[in-house]
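Note that the structure is predicted; figures quoted are calculated from it, not measured.
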Number of protein chains: 2
Amino acid sequence: MRTQTLDAFQVIADPSRRQMLMMLSKESMTINSLADNFDMSRPAVSKHIKILYGAGFISITDIGRERHCMLKQEGFNELQNFINFFDKFWLTKLRKLETILNNKAK
Amino acid sequence: MRTQTLDAFQVIADPSRRQMLMMLSKESMTINSLADNFDMSRPAVSKHIKILYGAGFISITDIGRERHCMLKQEGFNELQNFINFFDKFWLTKLRKLETILNNKAK
DNA sequence: AATATATGTAACTTTAAAGTTACTAAACAA
DNA sequence: TTGTTTAGTAACTTTAAAGTTACATATATT
């Protein structure tokens, strides 16, 4: 696995990482407690966490030898912007259709 | 390039495909007119379009030998659900914070 | 009919993401 | 101090996404 920083879209392209984000929406978790829920080695989970951290999806607080991961809003911003753009597109399209229908009804 | 169907998240992980979706939000375009805007071969664009089509991001209307591509809402649904989930998460978190602050102010 | 245009497909190469195992380092517990 | 737990890193392998070129096919155009 490459540890080079991935962009927000690449980050959520991986199902395991999306699953990790979902789990972290319930409670903050350590690397090991996350790893318990996945069918992959602990180092693999560790690298996913590094990627999530690097892209601003989570923050990490070290408590002794444990690393506590919790969600961070920053990473989601680019995705929200993308989706918002197309939400507006579909809304505009719908309005145009309504206008056409209204004109026909006259 | 594999032509196997990719999920919605994998589809938008590619910057070229996101760019294609942005362009199609302005106007419907043929494969060639799309390809003119990218620094890659026409077959490469053709395969991206196939992927976008396969995941429900675009519909295609054949007119003679031309294929006219236009946006289709279906492909965006899964992404919207994902983002909505976390939008709600942040909103809930904000409300909890407000409650705490209000209690302190008493 | 011959030619040009628009597109798809097959076969191939390159690259990097995702995983593995083995090892290291730091914090804690005995 | 010795051993256990938590986590990161290095080196490596596998796989598939992304691109290429060459060729095939169908529709227009002349």
What's the verdict on side chain to side chain contact (heavy atoms under 4.5 Å, CB included) for A/V11 and A/R17, showing C-alpha distance, side-chain angles and the deciding distance? CA-CA 7 Å; A/V11 166; A/R17 286 195 290 264; 4.1 Å; yes
Shortest side-chain distance from A/M40, nucleotide among C/dT20, D/dG19, C/dT7: C/dT20
How would you list, by chain and number, every residue that makes a side-chain hydrogen bond (donor to acceptor under 3.5 Å, both in side chains) with B/N32, sequence neighbours excluded? none
Roughly how bent is the helix from C/dA1-D/dT30 to C/dA30-D/dT1 end to end, in steps of 10 degrees, with each end axis from five pairs? 20°
What's the closest nucleotide to the A/S41 side chain, out of D/dG19, D/dA17, C/dT20? C/dT20
Of B/I49 and A/S16, whose closest DNA chain C nucleotide lies nearer the 5' terminus? B/I49
Taking only residues two or more places apart in sequence, or in another chain, which ones meet A/F86 in a side-chain contact (heavy atoms from CB on, under 4.5 Å)? A/F82, A/W90, B/L21, B/M22, B/S25, B/L71, B/F76
Footprint string (nucleotides 22-30 of chain C, 5' to 3'): B base within contact, S backbone only, - free, heavy atoms under 4.0 Å: B----BS--
Check the distance between D/dA18's C1' and B/Q19's CD and give it to me in whole angstrom. 17 Å
Of all heavy-atom pairs between B/C69 and B/L34, which one has the smallest distance, and what is that distance? SG-CD1, 4.5 Å
Give a yes/no on whether any side-chain N or O of B/H48 is located under 4.0 angstrom from OP1 or OP2 of D/dA17. no
For B/K72, check side-chain hydrogen bond (donor to acceptor under 3.5 Å, both in side chains) against everything at least two apart and list the hits. B/E74
Who passes side-chain contact (heavy atoms from CB on, under 4.5 Å) against B/T92, sequence neighbours left out? B/K96
For atom NZ of B/K47 and atom P of C/dA6, their distance in whole Å: 20 Å
Who passes salt bridge (Lys or Arg N to Asp or Glu O under 4.0 Å) against A/D62, sequence neighbours left out? A/R67
Atom CD1 of A/I51 and atom C1' of C/dA17 are separated, to the nearest Å, by 8 Å
Is B/K50 near enough to C/dT9 that one of its side-chain N or O atoms lies under 4.0 angstrom from OP1 or OP2? yes
Picking from C/dG8, C/dA17, D/dT20, which would you name as closest to the side chain of A/L6? C/dA17
Can you tell me if the side-chain N/O atoms of B/S46 get under 4.0 Å from OP1 or OP2 in C/dT7? no
In whole angstroms, how far is the C1' atom of C/dA17 from the CG atom of A/D14? 9 Å
side-chain hydrogen bond (donor to acceptor under 3.5 Å, both in side chains) contacts touching residues 7-16 of chain B (sequence neighbours left out): none
Pairs in or reaching into residues 25-44 of chain A: which pass salt bridge (Lys or Arg N to Asp or Glu O under 4.0 Å), with residues at least two apart or in two chains? none
Check DNA chain C against residues 20-34 of chain B and give the residues with a non-hydrogen atom under 4.0 Å, in numerical order. B/T30, B/I31, B/N32
Please enumerate all residues that pass side-chain contact (heavy atoms from CB on, under 4.5 Å) together with B/I63, with sequence neighbours excluded. B/T61, B/H68
What residues, two or more places apart in sequence or in another chain, satisfy side-chain contact (heavy atoms from CB on, under 4.5 Å) together with A/N81? none
